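Okay, so here's the structure we're looking at.
Just so it is clear, the model here is predicted, and its values are computed rather than measured.
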Amino acid sequence: MIIKDILKYAGKYEISGNSEIDIKGIEIDSRKVKGGYMFVAVKGTQTDGHDYIEKAIETGAAAIVCEELPSELKEGITYVKFNDTEDAVGKIATAFYGNPTDKIDLIGVTGTNGKTTIATLLYNMFRNFGYKTGLISTVCNYIDGEAIPTEHTTPDPITLNKLLGKMADEGCKYAFMEVSSHSVAQKRIGGLKFAGGIFTNLTRDHLDYHKTVENYLKAKKVFFDGLPKTAFALTNADDKNGLVMTQNTKAKVVTYSLNTLADFKGKVLEDGFEGMLMDINNTEVNVQFIGKFNAYNLLAVYGAACMLNKKPEDILLQLSLLKPVAGRFDSLRSAKGYTAIVDYAHTPDALTNVLNAIHDVLNRRGKVITVVGAGGNRDKGKRPIMAQESVKQSDRVIITSDNPRFEEPQDIINDMLAGLSKEELSKVISIVDRREAIRTACMLAHQGDVILIAGKGHENYQDVKGVKHHFDDKEVVREIFNSEV
């Protein structure tokens, strides 16, 4: 694609060199640059792409996009200067990959909890309706059934547009995408046109990056501020930030709720470990999901499908057939008569939601044992809160290692224990080895009890000192259950 065509919608820029060069690819990682590529130098949180301009030219870059021109301009290289390359790169990538969101109805899901469940259920539902559909999520990306592994909730703008471009080429009609606060703040979704946005809830998370809850909220809100008037903005009316998110949007605002008047109103009629009976807009439906937090997720799915012009009766039928997402309230039953639940809950609010759901079903007929940790090199402020929430709603708590990354697991555990009183500590055991922690919880459990193993959910690894070691909570639970027989 010719440079001047790639830059057409990217904003104001200055160019030095030939604007008629045919560009073969775009990269923000100099290691991936090949002959005839355009290298975009972005100032990231860890490294500055400007430091790698020379390397990109050595590996074949024909054009350099930057904020600061190098002191020496190489002959035969085209240089393009923007005030903000982080803002420009998404628009450049969208143009290069043929404006894929002009051909696909792209729906973004944002909020602290529920993004993966809602996006994945919508993806599964619309495939069941017979459409070719794409999914961009924490667990895995999919192009109509073809799995594309993922490393981030929202990929970098070039990977993202390449993925959406492939979806468009494959004939996808819809794509459902988790939109993280990081991706909004870092302008990874720049240049994309959304047909709809969904807000789930907002609680404390990612404060290591955003510093304050207000900044975190603003990052989420920017997504809704940018929606076009042709889109819908579906928001949780029961969350105190629900209508704040949509107050400046041009999109059509619609609401969902369990507690107040809304466009999409729900109620949990019966709840059990096998599923729930719900009322949605005055029609009863049995679903294979557990807990109030999942009732909100299903309402969001119902509302979004209605906004995409599906018939309510067809949507309800699909809701009754859908199964929970991997690592989200995954329930396993022991031969000894107790239940283990594996869940991705890694924020205080998510932990509270899962424990509330367990108590709603248990109704004091058994004990709750919680295995929980916290990730390393992330928001330290939530560690004591995670411990407090666990102790508040559990009979026993085992604090263990999660993904320690580059921190010492015991230091993370100590940060969690620091939030507990002497009385609360009497309910707690700390075991650094996660496998032993899960084994101990199983040894403590009796018939009718529930073990919650929180924090990692679908993940099949433990991140230690930059190395991902195989570790799967569900796998460990099954091994223990098999040894009990």
Side-chain angles (χ1 to χ4, degrees), residues 90 94 99-111 114-129 131-137 141-142 153-154 160-161 163-164 167-168 172-181 183-184 188-202 219-237 239 241-257 262-264 266 280-281 296-312 314-315 318-319 322:
T94 294
N99 298 298
T101 49
D102 285 348
K103 304 159 194 165
I104 295 174
D105 283 344
L106 177 64
I107 311 301
V109 188
T110 196
K115 296 188 295 295
T116 301
T117 294
I118 292 167
T120 306
L121 294 183
L122 281 165
Y123 163 78
N124 288 331
M125 177 182 283
F126 276 75
R127 287 196 75 214
N128 291 345
F129 280 143
Y131 296 101
K132 285 194 170 185
T133 307
L135 174 67
I136 300 169
S137 88
N141 300 324
Y142 286 93
T153 300
T154 313
L160 181 54
N161 278 282
L163 193 58
L164 288 165
M167 288 177 187
C172 288
K173 164 72 175 151
Y174 298 97
F176 300 99
M177 170 180 166
E178 293 183 50
V179 178
S180 68
S181 55
S183 73
V184 179
R188 290 185 225 158
I189 57 172
L192 300 181
K193 187 172 83 181
F194 286 86
I198 302 168
F199 173 70
T200 62
N201 48 64
L202 191 132
K220 299 283 189 193
K221 186 176 177 297
V222 165
F223 169 63
F224 291 95
D225 292 351
L227 290 176
K229 63 181 180 182
T230 52
F232 67 84
L234 174 62
T235 192
N236 180 355
D239 187 283
N241 297 297
L243 294 175
V244 174
M245 286 292 152
T246 57
Q247 64 188 10
N248 300 115
T249 189
K250 297 186 281 292
K252 176 181 172 62
V253 177
V254 281
T255 56
Y256 64 97
S257 166
D263 298 286
F264 307 107
I280 297 179
N281 279 9
Y296 279 108
N297 293 337
L298 293 169
L299 269 182
V301 170
Y302 177 85
C306 284
M307 296 309 295
L308 292 169
N309 300 314
K310 299 297 119 196
K311 292 178 182 176
D314 293 340
I315 300 167
Q318 287 302 324
L319 285 182
L322 290 171

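Put simply, the side chain of Ile189 reaches to within 4.5 Å of the side chain of Met177, judged on heavy atoms. Considering only heavy atoms from C-beta on, Asn161 comes within 4.5 Å of Leu192 through its side chain. Residues Lys220 and Val184 fail the side-chain proximity criterion, which asks for heavy atoms closer than 4.5 Å. Side-chain contact check for Asp102 versus Lys193: some heavy-atom pair is nearer than 4.5 Å. No side-chain heavy atom of Phe199 sits under 4.5 Å from any side-chain heavy atom of Thr246. Here the side chains of Met245 and Leu202 are in contact, with some heavy-atom distance below 4.5 Å.
Side chain of Thr249 to backbone of Phe224: a donor-acceptor contact under 3.5 angstrom is found. Remark: the backbone N or O of Thr255 is not paired with any side-chain donor or acceptor of Thr235 at under 3.5 angstrom.
With sequence neighbours excluded, the residues satisfying side-chain contact (heavy atoms from CB on, under 4.5 Å) with Lys229 are Lys250. Take Ala195 and apply the side-chain contact (heavy atoms from CB on, under 4.5 Å) test, not counting sequence neighbours, and it matches Asp105, Ile107. The side-chain contact (heavy atoms from CB on, under 4.5 Å) test applied to Ala304 returns Leu122, Ile198, Phe232, Leu234, not counting sequence neighbours. The side-chain contact (heavy atoms from CB on, under 4.5 Å) check on Lys252 picks up Val254, Met307, with sequence neighbours excluded. Every residue two or more places apart in sequence or in another chain that forms a side-chain hydrogen bond (donor to acceptor under 3.5 Å, both in side chains) with Asn128 is listed here: Gln318. Contacts of Phe176 classified as ring-ring contact (aromatic ring centres under 6.0 Å, His included), with partners at least two apart in sequence or in another chain: Phe126.
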Inset, instruction - Starting from the C-alpha separation in whole Å, work towards a yes-or-no answer on side-chain hydrogen bond (donor to acceptor under 3.5 Å, both in side chains) for Lys221 and Asn248. - result: CA-CA 9 Å; Lys221 186 176 177 297; Asn248 300 115; 2.6 Å; yes

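Thr94 and Asn99 share no side-chain donor-acceptor pair at under 3.5 Å.
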